[in-house]
Amino acid sequence: MAQLQIDFFSHSLKRMVTMMGVVPIDRPMIPGWPQPYEGPFKSLYLLHGYSGNCKDWISGTNIQELAMKYNIAVFMPSGDNNFYIDDPDVGAHHSKFIGEEVIEITRKMFPLSHKREDTFIGGFSMGGYGSLRTGLIFSDTFGKILPISSALIAKQIHGLPKDFKDPMADYLYYHRVFGDLDSILESDRNLEVLIDRLIVNKSKIPEIFMFCGREDFLIEHNRDFSNFLKLKKINYQYQEFQGAHDWNFVNGVLESGTRWLVGSQNESLEANR
């Protein structure tokens with residue numbers, strides 16, 4: 001298993017950035033596993049959560065083993081605490097960075113499939129939101145989205161008072177990241193708005209497989225979005241299992257999610273718990 005740290009200059013963010021990658025071009029022969037594969041590989045782009053970085057998935061999950069087992073290349077870019085939303089005030093285009101620039105540079109560097117049906121995005125917590133938003137904005141690029149324990153907080157922060165503060169952040173932070181909080185529900189920060197636009201424009205909508213733990217503080221937000229997708233008749237799945245907002249839960253569902261990404265849409269899936 002080739003594990004790499006990739007440092008490159010991002011034109012979207014106007015600075016050097018770091019990304020981790022695992023590409024199974026050199027994996028050992030293991031009885032019962034597929035034969036070594038030289039590509040082109042299907043690819044998965046995983047986004048970390050709030051206060052994290054590109055090494056979270058390497059240190060917190062068994063993603064390297066899954067990359068070998070399912071012959072999939074996985075790339076994990078570092079983001080800021082910005083929910084992967086553009087910050088025009090400083091010229092940082094985070095959506096374009098993930099949805100275009102990271103895709104382009106990894107395809108130039110590695111033997112990856114360029115097909116939409118072989119290109120996936122996923123994430124945990126803030127990264128779950130980021131994967132959904134990026135996957136919907138760049139729906140011609142991504143065929144499937146794998147959001148886990150997603151921070152779908154648009155309705156929660158709508159209309160926050162200016163003196164708001166909680167253990168995670170305050171009004172100024174949410175306003176800086178999401179813009180005008182009084183109109184957030186009508187903006188493209190609201191994933192429901194993006195879904196409706198794709199439907200109206202008769203555009204491709206990626207398949208979605210959502211996971212969330214029943215003890216997760218974000219569970220109601222995930223249930224609410226799942227109900228919205230059902231109402232709109234979107235091709236999606238949603239599964240809940242015992243668990244909280246932690247890497248233990250992520251590890252428990254990650255193989256099922258990976259198997260869904262690379263396998264049949266109708267494959268029977270169970271979390272590995």
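- Proximity of a side-chain donor or acceptor of Asp80 to a complementary backbone N or O of Asn82 within less than 3.5 Å is not detected.
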Checking Asp188 against Leu136 for the side-chain contact (heavy atoms from CB on, under 4.5 Å) test, could you report, in this order, the C-alpha distance in whole Å, the side-chain angles of both residues, the deciding distance, and whether it holds?
CA-CA 10 Å; Asp188 64 5; Leu136 294 173; over 6 Å; no

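- Applying the side chain to side chain contact (heavy atoms under 4.5 Å, CB included) criterion to Asp89, with sequence neighbours excluded, gives Asp87, Arg176.
- Residues meeting the salt bridge (charged side-chain N to carboxylate O under 4.0 Å, His left out) test with Asp170, sequence neighbours left out: none.
- The distance from atom CD1 of Ile72 to atom CZ of Phe120, rounded to the nearest 0.5 Å, is 5.5 Å.
- A search for side-chain hydrogen bond (donor to acceptor under 3.5 Å, both in side chains) contacts involving Glu240 returns Arg223, Tyr238, not counting sequence neighbours.
- Sequence neighbours left out, the pairs with a member in residues 148-176 that pass ring-ring contact (aromatic ring centres under 6.0 Å, His included) are Tyr50-Tyr173, Tyr171-His175.
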Evaluate the criterion side-chain contact (heavy atoms from CB on, under 4.5 Å) for residue pair Ile148 and Val253; output intermediate values, then yes/no.
CA-CA 8 Å; Ile148 302 174; Val253 301; 4.0 Å; yes

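- Residues satisfying the ring pair (Phe, Tyr, Trp, His ring centres under 6.0 Å) criterion with Phe8, sequence neighbours excluded, are absent altogether.
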Kindly indicate, with the supporting measurements, whether the criterion side-chain hydrogen bond (donor to acceptor under 3.5 Å, both in side chains) is fulfilled by Asn251 and Thr61.
CA-CA 6 Å; Asn251 260 318; Thr61 75; 4.7 Å; no

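- At least one side-chain heavy atom of Leu254 sits less than 4.5 Å from a side-chain heavy atom of Trp57.
- Formation of a donor-acceptor pair under 3.5 Å by the Lys155 side chain with backbone atoms of Asp224 is not found in this model.
- Although no hydrogens or angles enter the test, the distance criterion places no donor-acceptor pair under 3.5 Å between the side chain of His221 and the main chain of Ser150.
- In this structure Asp182 satisfies the salt bridge (charged side-chain N to carboxylate O under 4.0 Å, His left out) test with no other residue, sequence neighbours excluded.
- In terms of the side chain to side chain contact (heavy atoms under 4.5 Å, CB included) criterion, residue partners of Glu117 (sequence neighbours excluded) are, by chain and number, Lys115.
- Counting only heavy atoms from C-beta outward, the side chains of Asp216 and Asn222 never approach each other to under 4.5 Å.
- In the hydrophobic clustering of this structure, Val193 does not group with Ile208; members are Ile, Leu, Val, Met, Phe, Trp, Tyr whose side-chain heavy atoms approach within less than 4.5 Å, directly or through other members.
- Phe83 and Tyr129 have perpendicular rings, their planes meeting at more than 60° on a 0 to 90° scale where under 30° would count as parallel.
- Considering only heavy atoms from C-beta on, Lys69 stays 4.5 Å or farther from Thr258 through its side chain.
- Around atom NZ of Lys230, no more than 12 heavy atoms belonging to other residues, nucleotides or ligands sit under 6.0 Å away.
- For Ser113 against Pro40, the heavy-atom pair with the smallest separation is N-CB, 3.5 Å.
- Using a 4.5 Å cut-off on side-chain heavy atoms (C-beta onward), Ile199 and Ile205 make contact.
- Residues that satisfy the side-chain hydrogen bond (donor to acceptor under 3.5 Å, both in side chains) test with Asn62, not counting sequence neighbours, are absent from this structure.
- Each ring-ring contact (aromatic ring centres under 6.0 Å, His included) pair with one or both residues in residues 89-118, not counting sequence neighbours, appears once here: Phe75-Phe110.
- With sequence neighbours excluded, the residues satisfying side chain to side chain contact (heavy atoms under 4.5 Å, CB included) with Glu186 are Ser183.
- With a 4.5 Å cut-off on side-chain heavy atoms, Met20 and Gln3 count as touching.
- What you find for Phe41 and Pro24 is that their closest heavy atoms are CE2-CG, 3.6 Å.
- Applying the side-chain hydrogen bond (donor to acceptor under 3.5 Å, both in side chains) criterion to Asn53, with sequence neighbours excluded, gives no partner residue.
- Between the Tyr236 side chain and the Ser226 main chain, a donor and an acceptor come within less than 3.5 Å of each other.
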Does Glu207 form a side-chain contact (heavy atoms from CB on, under 4.5 Å) with Gln237? I'd like the steps, not just the answer.
CA-CA 8 Å; Glu207 299 175 41; Gln237 298 182 59; over 6 Å; no

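- In terms of the side chain to side chain contact (heavy atoms under 4.5 Å, CB included) criterion, residue partners of Ser139 (sequence neighbours excluded) are, by chain and number, Leu198, Pro206.
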Output, in order, the C-alpha distance, side-chain angles, deciding distance and verdict of side-chain hydrogen bond (donor to acceptor under 3.5 Å, both in side chains) for Tyr45 and Thr134.
CA-CA 11 Å; Tyr45 299 85; Thr134 305; over 6 Å; no

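- Under the 3.5 Å distance criterion, the side-chain polar atoms of Gln64 are left unmatched by any main-chain donor or acceptor of Val22.
- Here the side chains of Phe178 and Ile153 are in contact, with some heavy-atom distance below 4.5 Å.
- Contact check for Met76 versus Asp56: no side-chain heavy atoms found under the 4.5 Å cut-off.
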